[in-house]
Asks: 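The following block contains the structure, expressed as structure tokens.
Fair warning: this is a prediction, and the values are worked out from it, not measured in the lab.
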Amino acid sequence: MAGNIRGIYTSINDIRQKVYAEVARLSYEYNDEKDLAYMEKVPYIIIPGEETVYRDSVFVERAIVRERMRLAMGLPARNADEMAPVSQGAEEAVQPEKYYQPPLINIIKFACHKCPEKRIQVTNMCQGCLAHPCMEVCPKNAISFVDGKAHIDQEKCVKCGSCVNVCPYSAVVQQERPCSKACGMNAIHSDEHGRADINQDLCVSCGQCLANCPFGAIADKAQIFQCIQAMKTDTPVYAVIAPAVAGQFGKSVIPGKIRSLFQALGFADSFEVAIGADLCAVEEAKDFIKEVPEKLPYMATSCCPAWAAMAKKLFPDQAQNISMALTPMVLTARLIKRQFPGCKVAFIGPCSAKKLEASRRTIRSDVDFVLTFEEVLGMVRAKEIDFDALEEVDCMHGGTGDGRAFAVSGGVANAVVNCLKEMAPDMEIKTASADGLGECKKLLQKAKAGLYNGYLLEGMACPGGCVAGAGTVQPIAKSTAAVNLHKSVSTNAHSYETPYGVWLESLEEGQTLDTASKTIDPKQVWGAGPHSSDNLRAKSSDDV
């Protein structure tokens, strides 16, 4: 994957956490619009004193914090030449019904380092070797030797990288703008000032540019303020939590404490999205049996919104091959809203693209808010919650092992395949998967060429799966291990064993969702059973 800063807690993470915490604190303590003046103080709280810590200028850093504060409130970012208080228009953010307004992913222009888009350079490691392999392989004769060292004529260089590959001393390097390198959609280019700019027509809001910018110049909008405002009303707000949550809040927050954590934040209760993942796997298996190969040459999974958006933007003639099954987030939210009419639902997960998905008109009535794990940690910081003091309750057992494994690359396809083996044991099942949008494009190019006829294809926009989403906190490898551990203690192994299967069956029989939901015992979402959270404590989170 692009970059090497993922999973390392840096000053950028620290600033983001402080901004999210201050937005959450403002919302928890908010009484009327006069309190919005607190926004003016936040840059001085986060960047105190006169001495710079992060950049060349303390004033620039405060200006960047101002824009981060606005984006975290769900407000639009501004240019450096706009003279207005940070709280300008903030009264719009008070409305709990405020949806994300495009663009979701924003570049704070005056924070951008103006990194070169792509260039190949000779470093001082060049030994001026006699063989001159770099010069010999250059297709454009762009390399000469000056004073015994290789020299690249940038006017002739086509950035093919041949010289990089043959240098025996690794003295020739290819440098690329980190955000652009991380973008599988080639949506990032330079503006007239050399700063990064996003082509919003191509962007699918995966957030990988955000996660890989080493200058913290890219940020997405948040709904922290609006979600907390909703929780302060009489309307209950339920958290539906993505499977990638395993390990995200550190070793102190084992799954048995997740429910207590979200209740302490102000949510009425919480449920795991693995429930919806199981329903999604069952639906996609049924669709595969019906559609492939009689009606469709292949079928692609639908749960990753950035992958699905990429497919529809770049391969519109292949769009019909994307499964029509609702995503786990939406399936879980709809189930919760049928069980608790009039409630609000907040999806808690690793993904920026889920914010975009939830803002669609067809989804707005199902999912009211989307928060990332990183944003939730800001809320934790604002409430000063002591993880060790959280009560341990029944572990999450609504989802099966396969449903929980949706968080890692290959997990979705594996869950659907297990359902297919149960539903159509004599059927030949072939799969292919890709993670990272660049690899996903290659997968669809081959599918378009007919190389995957009869296949089930899985695409994940983030390298490694949802555990690598832009809103995650822990290192990817550690999160993957934590998800696998959580999977291993599930009461049921496979999605077709979900106790919520009756819900889908009732739909097929023409019953209403409300009637169908009454056949399900809500306690099954958290049921105790033999696999208590003691099993997780037995394997310390340090092991994952």
Side-chain angles (χ1 to χ4, degrees), residues 1-10 12-17 19-20 68 71-72 74 77 100 102-108 111 177-185 187-188 196 198 200 202-224 241-245 247-249 303-310 327 329 347-359 369-378 407-409 435-438 440 459-480:
M1 82 180 274
N4 60 358
I5 62 174
R6 298 300 306 277
I8 304 172
Y9 192 85
T10 68
I12 295 172
N13 303 97
D14 189 55
I15 291 173
R16 283 203 298 252
Q17 277 292 291
V19 169
Y20 294 148
R68 283 194 167 278
L71 291 169
Y100 287 111
L104 178 64
I105 308 292
N106 296 260
I107 295 177
I108 302 172
R177 173 178 271 154
C179 58
S180 180
K181 187 177 180 180
C183 178
M185 293 295 290
I188 299 180
I198 299 174
Q200 296 296 339
L202 287 176
C203 179
V204 294
S205 300
C206 69
Q208 288 302 302
C209 59
L210 179 162
N212 284 280
C213 175
F215 286 90
I218 309 179
D220 58 347
K221 291 178 179 175
Q223 286 180 313
I224 301 169
I241 307 169
V245 69
Q248 284 297 319
F249 300 129
C303 68
C304 174
W307 142 264
M310 180 275 290
T327 64
M329 174 184 77
F347 173 80
I348 313 297
C351 183
S352 295
K354 285 294 182 185
K355 297 178 178 182
L356 187 66
E357 180 187 358
S359 67
F369 310 103
V370 173
L371 301 177
T372 67
F373 297 136
E374 187 178 33
E375 291 162 0
V376 167
L377 273 181
V408 298
S409 179
D435 56 287
L437 286 176
C440 287
M460 290 280 197
C462 299
C466 300
V467 289
T472 56
V473 180
Q474 294 295 327
I476 298 167
K478 187 173 183 178
S479 297
T480 300

Asks: Is the backbone of G247 close enough, under 3.5 Å, to the side chain of K478 for a donor and an acceptor to pair up by distance?
Replies: no
Asks: Measuring from atom CZ of F215 to atom CD1 of I108, what distance do you get when rounded to the nearest 0.5 angstrom?
Replies: 14.0 Å
Asks: Which heavy atom in G349 sits nearest to a heavy atom in A242, and how many Å separate them?
Replies: CA-CB, 3.8 Å
Asks: Which residues pass the side-chain hydrogen bond (donor to acceptor under 3.5 Å, both in side chains) test with E357, not counting sequence neighbours?
Replies: T327, K354
Asks: Under the side-chain hydrogen bond (donor to acceptor under 3.5 Å, both in side chains) test, which residues partner Q248, sequence neighbours left out?
Replies: S479
Asks: Just wondering, do F249 and L377 contact through their side chains at under 4.5 Å, heavy atoms?
Replies: yes
Asks: Should C203 and M185 count as side-chain neighbours, where that means a heavy-atom distance under 4.5 Å?
Replies: no
Asks: How close do W307 and A461 get, counting heavy atoms only, and between which atoms?
Replies: N-CB, 4.2 Å
Asks: If the condition is side-chain hydrogen bond (donor to acceptor under 3.5 Å, both in side chains), which residues does R177 pass it with, not counting sequence neighbours?
Replies: S190
Asks: What are the two closest heavy atoms between C466 and M460, and how far apart are they?
Replies: SG-SD, 4.2 Å
Asks: Can you see which heavy atom on C209 is nearest to which on I188, and at what distance?
Replies: CB-CD1, 3.6 Å
Asks: For the CD atom of E375 and the CD atom of Q17, what is their distance to the nearest 0.5 Å?
Replies: 9.5 Å
Asks: To the nearest 0.5 Å, how far apart are CD1 in I12 and CD1 in I218?
Replies: 10.0 Å
Asks: On a heavy-atom basis, which atom in A358 and which in V370 lie closest, and how many Å separate them?
Replies: CB-CG2, 3.5 Å
Asks: What distance separates I198 CD1 from S180 OG, expressed to the nearest 0.5 Å?
Replies: 10.5 Å
Asks: How about N212 and K181: do any of their side-chain heavy atoms sit closer than 4.5 Å?
Replies: no
Asks: Check whether any side-chain N or O of R68 sits under 3.5 Å from a backbone N or O of G216 as a donor-acceptor pair, and report yes or no.
Replies: yes
Asks: Give me the atom names and distance for the closest heavy-atom approach of I241 to F373.
Replies: CG2-CE2, 4.5 Å
Asks: About how many Å separate OG of S352 and CG of L210, when rounded to the nearest 0.5 Å?
Replies: 6.0 Å
Asks: With C462, which residues qualify under side-chain contact (heavy atoms from CB on, under 4.5 Å), at least two apart?
Replies: Q208, A468
Asks: With sequence neighbours excluded, tell me which residues meet side-chain contact (heavy atoms from CB on, under 4.5 Å) with L356.
Replies: L104, S205, S359
Asks: Is there a side-chain contact between P102 and Q200 in this structure, where contact means two heavy atoms from C-beta onward sitting under 4.5 Å apart?
Replies: no
Asks: Would you give the length of the straight line joining atom OG1 of T10 to atom CZ of R16, rounded to the nearest 0.5 angstrom?
Replies: 7.0 Å
Asks: Quick one: side-chain hydrogen bond (donor to acceptor under 3.5 Å, both in side chains) partners of D435, sequence neighbours excluded?
Replies: S409
